[in-house]
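Okay, structure first, notes after.
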Amino acid sequence: YVGLFEFKGDKVTHLSSYFIADRVNVISALVTPKDARTYTLTLRYLDRKDGEAMVEEPNVNKEITIEVKNNLFVQKSL
């Protein structure tokens, strides 16, 4: 999962979550603003091949781009 949180003083509020995959290694995260309340989040990560056991180390490069609007995940594109 990737999550969005708001920090105000000593209070942390969960805003939104998006499931990416199970037990992956994130390589990079890039935020690209669209306007004052909208941006895209592009994640590059290592995953496993389809059907590969979870005990195997992730080694397949993948990328996902998710749109965020008003602090909520709204759309995914591959």
Side-chain angles (χ1 to χ4, degrees):
Y1 281 92
V2 62
L4 298 174
F5 296 87
E6 180 178 60
F7 296 86
K8 285 187 179 177
D10 62 349
K11 183 178 179 187
V12 179
T13 304
H14 175 257
L15 302 174
S16 188
S17 293
Y18 195 92
F19 181 74
I20 304 299
D22 193 16
R23 301 182 206 169
V24 298
N25 291 338
V26 175
I27 299 167
S28 66
L30 175 67
V31 174
T32 306
K34 286 186 166 185
D35 59 46
R37 301 292 294 167
T38 307
Y39 60 91
T40 58
L41 173 63
T42 302
L43 297 173
R44 288 185 51 236
Y45 61 97
L46 295 176
D47 200 353
R48 289 165 198 78
K49 297 175 189 171
D50 288 340
E52 196 168 41
M54 285 292 151
V55 297
E56 298 298 328
E57 287 293 319
N59 62 8
V60 177
N61 282 302
K62 292 192 177 179
E63 183 175 290
I64 188 170
T65 299
I66 310 163
E67 185 173 347
V68 179
K69 187 170 187 170
N70 297 319
N71 296 319
L72 298 172
F73 291 113
V74 294
Q75 179 184 349
K76 169 183 102 166
S77 62
L78 299 174

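Below, each value reflects all heavy atoms present in this structure, side chains not excepted, and no hydrogens, waters or symmetry copies. A quick note: this is a predicted structure, and the numbers were derived from the prediction, not measured.
How far OG1 of Thr13 is from CD of Glu6: 5.5 Å, rounded to the nearest 0.5 Å. We find the NZ-CD1 distance between Lys62 and Ile27 to be 12.0 Å, quoted to the nearest 0.5 Å. Note that the CD1 atom of Ile64 and the OH atom of Tyr18 stand 5.0 Å from one another [nearest 0.5 Å]. Rounded to the nearest 0.5 angstrom, Ser28 OG and Glu63 CD are separated by 7.5 Å. To the nearest 0.5 Å, the span separating CG on Leu43 from CD1 on Ile20 amounts to 5.0 Å. For the atom pair CZ of Arg48 and CD of Glu57, the computed distance is 7.5 Å after rounding to the nearest 0.5 Å.
Checked by atom type and distance alone, the side chain of Thr40 never pairs as donor or acceptor with a backbone atom of Thr65 at under 3.5 Å.
Annotation: side chain of Lys34 is not in contact with side chain of Tyr39 (no heavy-atom distance under 4.5 Å).
Among all heavy-atom pairs drawn from Pro58 and Val24, the shortest one is CG-CA, 4.5 Å. The minimum heavy-atom distance linking Val68 with Leu4 is given by the pair CG1-CD1, 3.6 Å. Nearest heavy atoms, Leu41 versus Ala29: CD1-CB, 4.2 Å.
Both Ile66 and Val31 belong to a single network of hydrophobic side chains, linked directly or stepwise wherever heavy atoms of I, L, V, M, F, W or Y lie under 4.5 Å apart.
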- Message: Please evaluate residues Val2 and Phe73 with respect to the criterion side chain to side chain contact (heavy atoms under 4.5 Å, CB included), reporting the C-alpha separation (whole Å), side-chain torsions for both, the decisive distance (0.1 Å), and the verdict.
- Response: CA-CA 10 Å; Val2 62; Phe73 291 113; 3.7 Å; yes
